[in-house]
Amino acid sequence: HLNEVDKMIIDRADGVLERAISALRVAPHSELIATCHEMVDALAVYELTDESGQVGVFSQWLKTHGDDNPDKVSKHLNALLEKLEQRLPELKSLKQA
């Protein structure tokens, strides 16, 4: 049986992940690292630890490769966004269970 906090997390997790995806998608290149840090924290609060970790790994990659070819950064970002988006249906189904 779920307690109130668990219910709140389940009810909001998909929206938090959707907002994280949107924030990362629209962030200017110059603000991408800062946006990643914000999203890592937001995702972790809602116990989306795998997703938070994935954004953290991307952020670390950006710190060392962010000045490389912008196409390479976009490719890595798009791969991250695709992984995050794949989790949304599962989160939505948990909410309805």
Side-chain angles (χ1 to χ4, degrees):
H1 190 69
L2 295 174
N3 66 36
E4 290 302 313
V5 172
D6 290 338
K7 287 180 191 172
M8 182 197 72
I9 288 170
I10 289 170
D11 286 346
R12 296 183 182 172
D14 65 319
V16 171
L17 183 55
E18 286 174 334
R19 286 189 291 284
I21 291 167
S22 293
L24 290 166
R25 183 172 280 125
V26 302
H29 185 89
S30 61
E31 296 175 20
L32 206 44
I33 291 174
T35 303
C36 283
H37 285 295
E38 289 175 32
M39 296 308 108
V40 163
D41 292 342
L43 293 167
V45 166
Y46 285 88
E47 298 181 5
L48 296 168
T49 52
D50 288 346
E51 295 76 11
S52 178
Q54 290 171 11
V55 175
V57 167
F58 175 70
S59 177
Q60 290 301 317
W61 179 86
L62 263 181
K63 288 178 183 175
T64 55
H65 300 284
D67 294 330
D68 290 358
N69 182 338
D71 289 339
K72 191 174 182 181
V73 172
S74 291
K75 182 180 174 185
H76 280 269
L77 176 60
N78 288 335
L80 170 66
L81 294 174
E82 192 174 300
K83 285 183 199 172
L84 296 177
E85 287 170 339
Q86 289 173 357
R87 182 81 160 97
L88 283 171
E90 181 184 345
L91 291 175
K92 288 180 188 297
S93 71
L94 286 175
K95 196 158 90 168
Q96 296 165 0

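Along the sequence shown, residues carry numbers from 1.
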For the residue pair [X] and [Y], what are the closest heavy atoms and their distance?
{"X": "Met39", "Y": "Ala20", "value": "SD-CA, 3.4 Å"}
{"X": "Thr35", "Y": "Ala23", "value": "CG2-O, 3.8 Å"}
{"X": "Trp61", "Y": "His76", "value": "CZ2-CD2, 3.3 Å"}
{"X": "Ser59", "Y": "Ile33", "value": "OG-CG2, 4.1 Å"}

Non-hydrogen side-chain atoms of [X] and [Y] separated by less than 4.5 Å:
{"X": "Val73", "Y": "His65", "result": "no"}
{"X": "Leu17", "Y": "Tyr46", "result": "no"}
{"X": "Val55", "Y": "Leu84", "result": "yes"}

Straight-line distance of [X] [atom1] to [Y] [atom2], nearest 0.5 Å:
{"X": "Arg12", "Y": "Lys7", "atom1": "CZ", "atom2": "NZ", "answer": "13.5 Å"}
{"X": "Glu51", "Y": "Leu91", "atom1": "CD", "atom2": "CG", "answer": "6.5 Å"}
{"X": "Leu81", "Y": "Gln86", "atom1": "CG", "atom2": "CD", "answer": "11.5 Å"}
{"X": "Asn78", "Y": "Lys83", "atom1": "CG", "atom2": "NZ", "answer": "12.5 Å"}
{"X": "Arg87", "Y": "Leu48", "atom1": "CZ", "atom2": "CG", "answer": "6.5 Å"}
{"X": "Asp14", "Y": "Glu90", "atom1": "CG", "atom2": "CD", "answer": "11.5 Å"}

| Hphob cluster co-occupancy, Val57 + Leu62, side-chain heavy atoms under 4.5 angstrom | no
| query | Hey, are Glu38 and Arg19 close enough for a salt bridge, meaning a charged N less than 4.0 Å from a carboxylate O? | reply | no
| note | The single option from Glu85, Glu82, Glu18 that satisfies salt bridge (Lys or Arg N to Asp or Glu O under 4.0 Å) with Arg25 is Glu85
| message | Surrounding NZ of Lys75 (heavy atoms of other residues, nucleotides or ligands, distance under 6.0 Å), is the total greater than 12? | response | no
